Amino acid sequence: MKITLKDGSVKEYSQPMSVMDIAMDISQGLARAACAGSVNGETVDLRTVLDKDCELSILTFEDEAGRAAYRHTASHVLAEAVKQLYPQAKLAIGPSIDTGYYYDFDCESFSREDLDKIEAQMKKIIKEGKELEKFTLPREEAIQFMEERQEPYKVELIRDLPKDAVISFYRQGDFVDLCAGPHLMSTKPIKAFKLISSSGAYWRGNEKNKMLTRVYGTAYTKKEELKAYLDHLEDIKKRDHNKLGREMELFTTVDVIGQGLPLLMPKGVSIIQTMQRWIEDEEEKRGYVRTKTPLMAKSDLYKISGHWDHYKEGMFVLGDEEKDKEVFALRPMTCPFQYYVYKASQKSYRDLPLRYGETSTLFRNEESGEMHGLTRVRQFTISEGHLIVRPDQMDEEFKGCLDLARYCLRTLGVEEDVTYRLSKWDPDNSEKYIGDAAVWEETQDRIRKVMHELEIPFTEEVGEAAFYGPKVDIQAKNVYGKEDTMITIQWDALLAEQFDMYYVDQNGDKVRPYIIHRTSMGCYERTLAWLIEKYAGLFPTWLCPEQVRVLPISEKYSDYANKVLQQLRDNGIKATVDLRAEKIGYKIRETRLQKVPYMLVVGQKEEEEQKVSLRSRYLGDEGMKGLSEFIDEICKEIRTKEIRKIEVEEKAKS
RNA sequence: GCUUUCGUGGCUCAAUGGUAGAGCACUUCACUCGUAAUGAAGGGGUUGUGGGUUCGAUUCCCAUCGAAAGCUCCA
């Protein structure tokens, strides 16, 4: 048999060989690093015996699938340790994940001390360096085997496997786990691992099921890599918007005001205001008209829209249908309000497309565990818009929305940080949606076509659509890797019917328009959170709540400092002055810590020459300069929304 | 909503079943200063809230509100 290796070389063997044997034949080093194999592109266990010609790569920790096998074995070590320390614990599942692995147990929850004990036990197990042995059992025997071992979750998993599936197990010493693999040959190579945390998780991810205890861990081949990862976890906490945003006085929360109701403070408002003005102006350039519609409506409206049936528990309802003549609800979206703006007069095909925009405050009654900083809140403001278009204009208008969204992302400097997702309906769950299958398939095809034409890479996700249509969601990850929707563009061929919207075509017939629901940028609160984390608080100058601070050397130069300040403000620059009787070093330190991009130091020299000494976070001390020259430069930077690279090292805050 | 953890001056944190302490910040005074912390003095907490146990609770128990991580959810 001929084995073609990654580098193109060919090995010939006269008898069947396991992947591990081949690795050993190539080199001892490779055999030591081997985690799994890849045969004709398919990941296999090191124990897999090859008997036909094929292409083989030996996967190590450097390969994604190899890393997964390595960490999966670490999760088995975790499970073995838990079973040794807590024999009554029942095993559920324990896969590898991006950042490591986890294992779910049905048992008492673990404290940090418990995790430390488990870690120590894992060390012992690894030191013993037990071999992992793979074996398979027929279905009935597999069930019986796990029943004898009193593992009800494993029994359930086996019962759900296809009838003809080969059921494999891995054994290390006394510990046996149902597992498809692949795994390392022994527990010995696991060099650097750490249990990160413990939390609850529902069995099979269903909240109706029992809550199990999940232990998260990670594992690396080198101690330094593990340390680097743990340091990274500490580091990202510093950019966490929920911490940094409060520290920088962008927002705060107050117990008595309520969950999910952050208070935006002056600096936070400044950033949001800047973005809002920019977006509103940009939309106007692109032919949008603006509406301003009520924050609440009678229940009747939501009954027409379908929200009363599909989304009532997510709304803040004012009043009681049993007792009150009128029941109101705070709006969770703007759609129907703008539809009634459309319906206020009769429309011709010549009027379309109509692009309505509104800076719209919405209310959603999220469950108490869902709220988070500025990213999941109960009241938020969004650059919401609805385009009422003729069916034949739909593709072009949809493209226009994507173009606007991408312009916004580009300008904010986050274009590279997003992924695009086509969110489709779930045909197996059709009662969650309105309209029939044909409409859904057609609109999904048309969105796909648009995305291909624009050459935007995207993934597809079943069951993520709105109840009235499929959509393109633009997703971003926060510092912890958790994904959120930043921008959404939704294709709606159905709601016009619900609201009896129409236009009159060339023939004088009434025709249903299509609707695009879209945001040009995510909600302002969430976008602010995203930018805080993206820039670690060092926002591009045009977004900074304070762009320049004037620092007089002593109180003697207050008058000149005030004069400089006034000129900056006259030019629309967000500037302040620090007139306190402090030393210049102190004022500079404070200004840097508050992340103000530019400082203008003024003293005797500057006053005599009518200049300023510039110090920026970009280049540090830049020396004396004419004030108008500086104003020209910064105004240009602000006008072009430039994202300047920060060259000056931030000194640690001690 | 569920599991776990947490809640001490504006912020970061310390402490003990026996009348709460530090640093930063704040206020006042002195210094009038040249590129990351000038010095001194002072004010500020019924330890999230409400109960209970106890001679005594900030510490132990219960409830409640809020926060963090994860799960579920996100029209």
Side-chain angles (χ1 to χ4, degrees), chain A residues 102 104 108-112 114-115 196-216 237 240 242-243 246-247 249 252-261 302 305-315 332-333 335 362 364-373 375-376 423 432-434 464-469 471 473 480 482-485 488 490 517 551-558 580-593 599-606 613-615 620-624 648-654:
Chain A
Y102 69 81
D104 287 348
E108 296 288 295
S109 56
F110 296 129
S111 65
R112 184 64 242 182
D114 296 332
L115 293 184
I196 304 289
S197 62
S198 163
S199 69
Y202 299 108
W203 167 237
R204 305 203 126 176
N206 186 333
E207 63 179 325
K208 294 197 175 66
N209 289 342
K210 182 160 184 187
M211 177 144 299
L212 308 175
T213 301
R214 175 171 297 179
V215 177
Y216 283 94
K237 275 186 203 152
D240 180 348
N242 208 5
K243 190 169 187 303
R246 289 169 201 269
E247 260 170 37
E249 299 189 341
T252 188
T253 49
V254 177
D255 285 9
V256 293
I257 289 175
Q259 278 190 308
L261 298 169
Y302 305 109
S305 68
H307 285 82
W308 203 253
D309 292 331
H310 284 94
Y311 193 63
K312 192 172 170 199
E313 67 295 343
M315 292 197 288
M333 36 70 225
C335 337
L362 305 180
R364 298 183 184 186
N365 194 1
E366 304 284 359
E367 288 187 290
S368 70
E370 308 307 333
M371 262 75 74
H372 176 77
T375 53
R376 276 296 278 283
S423 298
K432 275 177 69 182
Y433 307 90
I434 57 175
E464 293 287 340
F467 71 80
Y468 43 75
K471 54 184 178 160
D473 289 318
Y480 298 107
K482 206 167 171 172
E483 199 175 78
D484 260 318
T485 301
T488 180
Q490 311 178 346
H517 309 235
L551 307 178
I553 296 283
S554 85
E555 288 173 289
K556 280 195 275 182
Y557 313 106
S558 293
R580 292 174 306 169
E582 296 289 352
K583 282 171 75 174
I584 192 67
Y586 180 82
K587 292 183 184 180
I588 286 171
R589 178 185 152 80
E590 207 169 68
T591 312
R592 296 278 282 145
L593 291 177
M599 287 172 241
L600 298 180
V601 176
V602 295
Q604 192 183 357
K605 277 187 290 180
E606 288 78 6
S613 282
L614 174 61
R615 189 188 164 106
D621 191 348
E622 298 183 39
M624 283 235 275
V648 178
E649 276 286 305
E650 283 301 297
K651 283 195 192 169
K653 199 176 186 176
S654 56

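These values consider heavy atoms only, across backbone and side chains, with no hydrogens, waters or symmetry-generated copies. In the text below, chain A, chain B and the rest are named by the order of the sequence lines, each starting its count at 1. What you see is a predicted model, and the numbers here were worked out from it, not measured in a lab.
- Counting any heavy atom pair closer than 4.0 Å across all strands shown, A:K587 reaches no nucleic acid atom.
- Contact between A:C335 and A:H517 at its shortest, heavy atoms only, is SG-ND1, 3.5 Å.
- Residue A:G585 is classed as a sugar-phosphate contact, given heavy-atom separations below 4.0 Å to backbone atoms only.
- Ranked by how close their nearest RNA chain B nucleotide is to the 5' end, A:E367 and A:L614 are led by A:E367.
- Ring centers of A:Y433 and A:F467: at least 6.0 Å apart, outside the cut-off.
- When the nucleotides B:U32, B:A37, B:U35 are ranked by their closest atom to the side chain of A:Y586, B:A37 comes out on top.
- B:U16 and B:U28 are spaced 35 Å apart, taking the C1' atom of each and rounding to whole Å.
- Going from the C1' atom of B:G43 to that of B:G10 covers 13 Å, rounded to whole Å.
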note = Going 5' to 3' through nucleotides 64-71 of chain B and flagging B where a protein heavy-atom sits under 4.0 Å of the base, S where only the sugar-phosphate is that close, and - otherwise, we get --SSSSBB

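- One interatomic measurement links the two molecules: CD of A:E108 to C1' of B:U4, which rounds to 12 Å at whole-angstrom precision.
- Regarding A:M333, its CE atom lies at a distance of 15 Å from the C1' atom of B:C74, rounded to whole Å.
- Separating the CG atom of A:D484 from the C1' atom of B:C73 is a distance of 12 Å, rounded to the nearest angstrom.
- Using a 4.0 Å heavy-atom criterion, one finds that A:A581 contacts the bases of the nucleic acid, with or without backbone contacts as well.
- The shortest heavy-atom contact between A:S198 and A:T213 is OG-CG2, 3.7 Å.
- When the P atom is used for both B:A40 and B:U4, the distance is 50 Å, rounded to whole Å.
- Taking side-chain N and O atoms only, A:K583 has no distance below 4.0 Å to OP1 or OP2 of B:C31.
- Atoms CD (A:E247) and P (B:G10) sit 17 Å apart, rounded to a whole Å.
- One atom, CG of A:D114, and another, C1' of B:U3, lie 15 Å apart when rounded to the nearest Å.
- In this structure, a donor-acceptor pair under 3.5 Å is absent between the side chains of A:S197 and A:R214.
- When each of B:U32, B:A37, B:C26 is scored by its nearest atom to the side-chain atoms of A:S554, the top-ranked nucleotide is B:U32.
- Straight-line distance between the C1' atoms of B:C11 and B:G7: roughly 15 Å, to the nearest whole Å.
- For a distance-only test at 3.5 Å, the side chain of A:E606 qualifies as a donor-acceptor partner of the base of B:G34.
- Separating the CD atom of A:E582 from the C1' atom of B:A36 is a distance of 13 Å, rounded to the nearest angstrom.
- With sequence neighbours excluded, no residue forms a ring pair (Phe, Tyr, Trp, His ring centres under 6.0 Å) with A:Y202.
- Between A:R580 and A:E483, the residue whose closest nucleotide on RNA chain B is further toward the 5' end is A:R580.
- Residue A:I584 is in sugar-phosphate contact alone, with no base atom involved, counting any heavy-atom pair closer than 4.0 Å across all strands shown.
- For A:Q259, the side chain to side chain contact (heavy atoms under 4.5 Å, CB included) test picks out A:S368, A:M371, A:R378, with sequence neighbours left out.
- Rounded to whole Å, the C1' atom of B:G66 lies 10 Å from the corresponding atom of B:U49.
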remark   = Dot-bracket assigned to RNA chain B with the 3.5 Å Watson-Crick/G-U criterion, [ ] for crossing and | for other-strand pairs, is (((((((..((((....[..)))).(((((.......))))).....(((((..]....))))))))))))....

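- B:U47 and B:A20 have their C1' atoms separated by 8 Å, given to the nearest Å.
- In summary, A:E590 and A:R580 engage in a salt bridge, as defined by a charged side-chain N under 4.0 Å from a carboxylate O.
- Whole-Å rounding puts the A:Q604 CD to B:U35 P distance at 15 Å.
- Contacts of A:Q604 classified as side chain to side chain donor-acceptor pair (under 3.5 Å), with partners at least two apart in sequence or in another chain: A:E608.
- The pair A:R615-A:D621 does not meet the salt-bridge criterion, since no charged nitrogen lies less than 4.0 angstrom from a carboxylate oxygen.
- Comparing B:G34, B:U32, B:A36 by their closest approach to the side chain of A:E555 singles out B:U32.
- Only the P atoms considered, B:G9 is 24 Å distant from B:G52, to the nearest whole Å.
- When heavy atoms are screened at a 4.0 angstrom cut-off, A:E366 is found touching no nucleic acid atom at all.
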query = Going through the checks in order, is the side-chain hydrogen bond (donor to acceptor under 3.5 Å, both in side chains) test met by A:Y468 and A:Q490?
reply = CA-CA 9 Å; A:Y468 43 75; A:Q490 311 178 346; 2.5 Å; yes

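- In summary, the side chains of A:T485 and A:D473 do not present any donor paired with an acceptor at a separation below 3.5 Å, with no hydrogens or angles considered.
- Regarding A:I553, its CD1 atom lies at a distance of 11 Å from the P atom of B:A36, rounded to whole Å.
- Atom P of B:U38 sits at a distance of 12 Å from the matching atom of B:G34, rounded to the whole Å.
- With sequence neighbours excluded, the residues satisfying side chain to side chain contact (heavy atoms under 4.5 Å, CB included) with A:E464 are A:R421, A:S423, A:E461.
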